[in-house]
Amino acid sequence: MLKRVAKLGLAVGSAVWLSVHVHPKPARGAERIFASFLSFEQSVSVESLETFAETGRITGDFIPYARYISPEQRPFLQNALQQQLAISPGAVSQFLYSDIGELMVRRIAKVIRPKSNQGGFYALRGALIVAAADPEGLTVLNFLKHYPIQGLKIDLDEGLAIFSQIRGLIRQTNTLIETLEKQTPARPTGNPTGAALTQPGQFSWQQTTLTLSDQSPTRQNLTGQSRQFPIDLYLPQTASPQPKPIVVISHGLNSNRDSYGYLAEHLASYGFVVVMPEHIGSNTNQLQALMLGRVKEVTQPTEFLDRPSDVQFILDELERLSTSDPMLQGQLNLDQVGVIGQSFGGYTALALAGATINFEQLQQDCGSRLKDTINISLILQCQVIKLPQQRYELADPRIKGAIAINPVTSSVLGETLSQIQTPVMFVSGSADKVSPSLLEQATPFTWLTATDKYFVLMKGGTHFSTIDADQPNDSPPEFQGLAGPSPAAAKAYLSALSVAFMKRHITADRTYQIYLSPEFVATLRNGKLQLNLSKTLSTNEILNPG
């Protein structure tokens, strides 16, 4: 999903972490903060918190609380109180007025609310926007000062209920890791070794950009314009006159076609023609338009249809160009096509492979359950419920295999994943807070019935581990950790496994089957980011590792 959403969530989450009850005074704002649990309340002055944030000193009525904060935790709390979120008030406002932003605020408002229990959502949203507009910027303390209703109550009961959900999810994820660890050799055995596929292949490649225009009436926007979007083509430079297999890579929400450029180069060096489309309704430009007030939503529900249609249209155009364009004549094998997608792109890949939109599951999950979910990706998936409820033909028979990285699947596709008959690989990160591994990948993997299926888990991997950041050092240190402990290792893992999967299942080269095994994965393991693979993961194994 969105790195900026993760940043905003971190700032607001710091306020939740404080578990407070605020009484403002007219000129200054919050004066005292009350921790409320059951029938008990304890308070601390904002002045004491400000002193601690600015100097690190524990003073006044903050002293009794200090014994509950370890020396290791104090720097984090001190930084959390004063860390400014570098985002404009207009951007905050536009996001919080979107459907996704509103749902996130309503979830937080169940913990942070007025003592009167009235107007909490609007007060919370207003305080975030006003604090962002303040010269001091959006910080936890500044948020508290601008909360407009006397008696802000942080409900520790509700907060602990959320914490209990998170703790349960972590416990089950650890059980999943335990299960996979048992299936992966502790020591690498035999040949080949992982280094063979992490290194570039033998071919050089040429990159070119095309702009496509889909004139279909169903693909026109509200102003009647056709859907135009660029694609990057990576063409291997080989001596062989034979047509080459094709891999389409679909980026995630608030991303762009450059985010997997390293993977495109790697696959091209092994002889694949790689196609990188820009999904114009859910890319970085779409989020920027939201922040500028040009659009009202992070993405439209029609994007769940447009993304697979983009790929279908691309394959149609490539088929046409392979007979008319001198650069592409004789270069493309449309009988050997694979697709790779991350997050929203993971959904795209699975829909193209044969899964369908599951309105029945969405109806169950997008009502009262949505208000209590800790699964951020469900908020995105529930946008689909706004579409006319009918069967949409999103699959493309030219797709012979799919790799889904951190996909969003549980509700929007649900058990229709069983309809996929082509080979599938799920790539998951155990520390993914946007699209949780257990909920969105591990459990959905058990619904697959395809003969060839692979579940890959990066222990410690996050939603952003495999994305190639455009400017990895342009954000504050606390946000750079979004990519996890070793993004370089994550990208190397994905590169090697993508080559193995596409060689085996798209070009039907059986010599690569050995690379799609727990034994091979054991040779890839590198330091902080452990890797596991299973071909047989079941629901029983997730819940009862035995």
Side-chain angles (χ1 to χ4, degrees), residues 1-2 5 98-104 106-107 162 165-166 168-169 172-173 176 250 252-254 281-282 297-308 341-395 402 404-420 424 426-429 432-449 455 463 537 539 542-543:
M1 285 247 303
L2 309 171
V5 171
S98 71
D99 283 354
I100 292 178
E102 180 173 324
L103 282 168
M104 291 181 68
R106 288 194 183 280
R107 180 60 162 145
I162 296 173
Q165 284 182 275
I166 296 172
L169 183 60
Q172 289 178 289
T173 302
L176 171 63
S250 175
L253 182 64
N254 183 35
S282 51
E297 294 298 335
V298 172
T299 190
Q300 293 296 322
T302 51
E303 193 68 5
F304 283 84
L305 310 179
D306 282 328
R307 279 172 152 265
Q342 191 266 343
S343 190
F344 204 175
Y347 154 83
T348 307
L350 295 170
L352 286 161
T356 55
I357 293 176
N358 192 333
F359 284 106
E360 182 178 353
Q361 188 65 50
L362 287 164
Q363 289 283 8
Q364 294 179 29
D365 294 343
C366 298
S368 59
R369 294 183 190 179
L370 185 59
K371 294 184 292 184
D372 297 323
T373 187
I374 57 172
N375 181 359
I376 296 175
S377 76
L378 188 59
I379 299 175
L380 172 65
Q381 295 176 65
C382 287
Q383 297 296 299
V384 183
I385 208 74
K386 300 175 183 177
L387 292 173
Q389 296 192 21
Q390 63 188 58
R391 181 178 175 87
Y392 295 97
E393 299 298 335
L394 304 177
I405 310 160
N406 316 112
V408 292
T409 62
S410 64
S411 291
V412 66
L413 298 177
E415 295 194 30
T416 73
L417 289 166
S418 64
Q419 299 172 8
I420 298 176
V424 177
F426 276 25
V427 180
S428 185
D432 189 339
K433 296 179 177 62
V434 176
S435 175
S437 176
L438 186 83
L439 303 178
E440 293 298 324
Q441 292 101 50
T443 300
F445 178 82
T446 67
W447 302 332
L448 291 168
T449 59
F455 182 79
H463 198 70
L537 184 68
T539 303
I542 294 173
L543 301 177

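One-based numbering along the sequence shown.
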message: For the CD atom of Glu303 and the OG1 atom of Thr348, what is their distance to the nearest 0.5 Å?
response: 8.0 Å
message: Would you say that Tyr392 contacts Leu387 through its side chain, given a criterion of any heavy-atom pair below 4.5 Å between the two side chains?
response: yes
- line: When every non-hydrogen atom of Val427 is compared with those of Pro407, the smallest separation belongs to O-CD, 4.2 Å
message: Do Leu394 and Leu352 make a side-chain contact, defined as non-hydrogen atoms from C-beta onward lying under 4.5 Å apart?
response: no
- line: Here the pair of heavy atoms bringing Asn406 nearest to Gly429 is ND2-N, 3.8 Å
- request: Report yes if some heavy atom in the side chain of Leu417 is under 4.5 Å from a heavy atom in the side chain of Val424; otherwise report no.
  value: no
task: Applying salt bridge (Lys or Arg N to Asp or Glu O under 4.0 Å), name anything that partners Glu393, two or more places apart in sequence or on another chain.
output: Arg391
- line: Output for pair (Leu350 CG, Thr356 OG1), nearest 0.5 Å, gives 11.5 Å
query: With no hydrogens and no angle check, is any side-chain donor or acceptor of Gln342 less than 3.5 Å from a backbone partner on Ile405?
result: no
query: Below 6.0 angstrom between ring centroids: does that apply to Phe455 and Phe445?
result: yes
message: Quick check: closest heavy atoms across Asp365 and Leu378, and the distance to 0.1 Å?
response: O-CD2, 3.9 Å
- prompt: Just wondering, do Gln363 and Ile385 contact through their side chains at under 4.5 Å, heavy atoms?
  reply: yes
query: Between Thr299 and Gln383, which heavy-atom pair has the shortest distance, and what is it?
result: O-OE1, 4.4 Å
message: Testing the basics here: between Thr443 and Thr446, what is the closest heavy-atom pair and its distance to 0.1 Å?
response: O-OG1, 2.5 Å
- prompt: Are the side chain of Thr449 and the backbone N or O of Ser418 linked by a donor-acceptor pair below 3.5 Å?
  reply: yes
- prompt: Side chains of Tyr347 and Thr409: does their closest heavy-atom pair fall under 4.5 Å?
  reply: no
- prompt: Looking just at side-chain N and O atoms, do His463 and Asp432 make a donor-acceptor pair shorter than 3.5 Å?
  reply: yes
Gln364 atom CD, over 12 foreign heavy atoms within 6.0 Å: yes
field: Flag, side chain of Thr416 to backbone of Ala355, donor-acceptor distance under 3.5 Å
entry: no
- request: Nearest 0.5 Å please: distance from the CD atom of Gln381 over to the CD1 atom of Ile376.
  value: 12.5 Å
task: To the nearest 0.5 Å, tell me how far Leu439 CG sits from Ser377 OG.
output: 8.0 Å
Pairwise disulfide (SG to SG under 2.5 Å) hits with a residue in residues 343-390, at least two apart: Cys366-Cys382
message: Is a donor from one side chain sitting under 3.5 angstrom from an acceptor on the other, for Gln361 and Ser411?
response: no
task: Rounded to the nearest 0.5 Å, what's the gap from OG on Ser410 to CG on Leu362? Could you check?
output: 9.0 Å
message: Show the nearest heavy-atom pair for residues Arg307 and Ser250, with the distance to one decimal.
response: NH1-OG, 3.1 Å
- prompt: Does a donor on one side chain and an acceptor on the other come within less than 3.5 Å for Ser435 and Glu440?
  reply: no
- request: Taking the six-membered ring for Trp and the full ring for Phe, Tyr or His, determine whether the centres of Phe304 and Phe344 are under 6.0 Å apart.
  value: yes
task: Ignoring hydrogens and angles, tell me if any N or O in the side chain of Gln389 forms a donor-acceptor pair with the backbone of Phe359 under 3.5 Å.
output: no
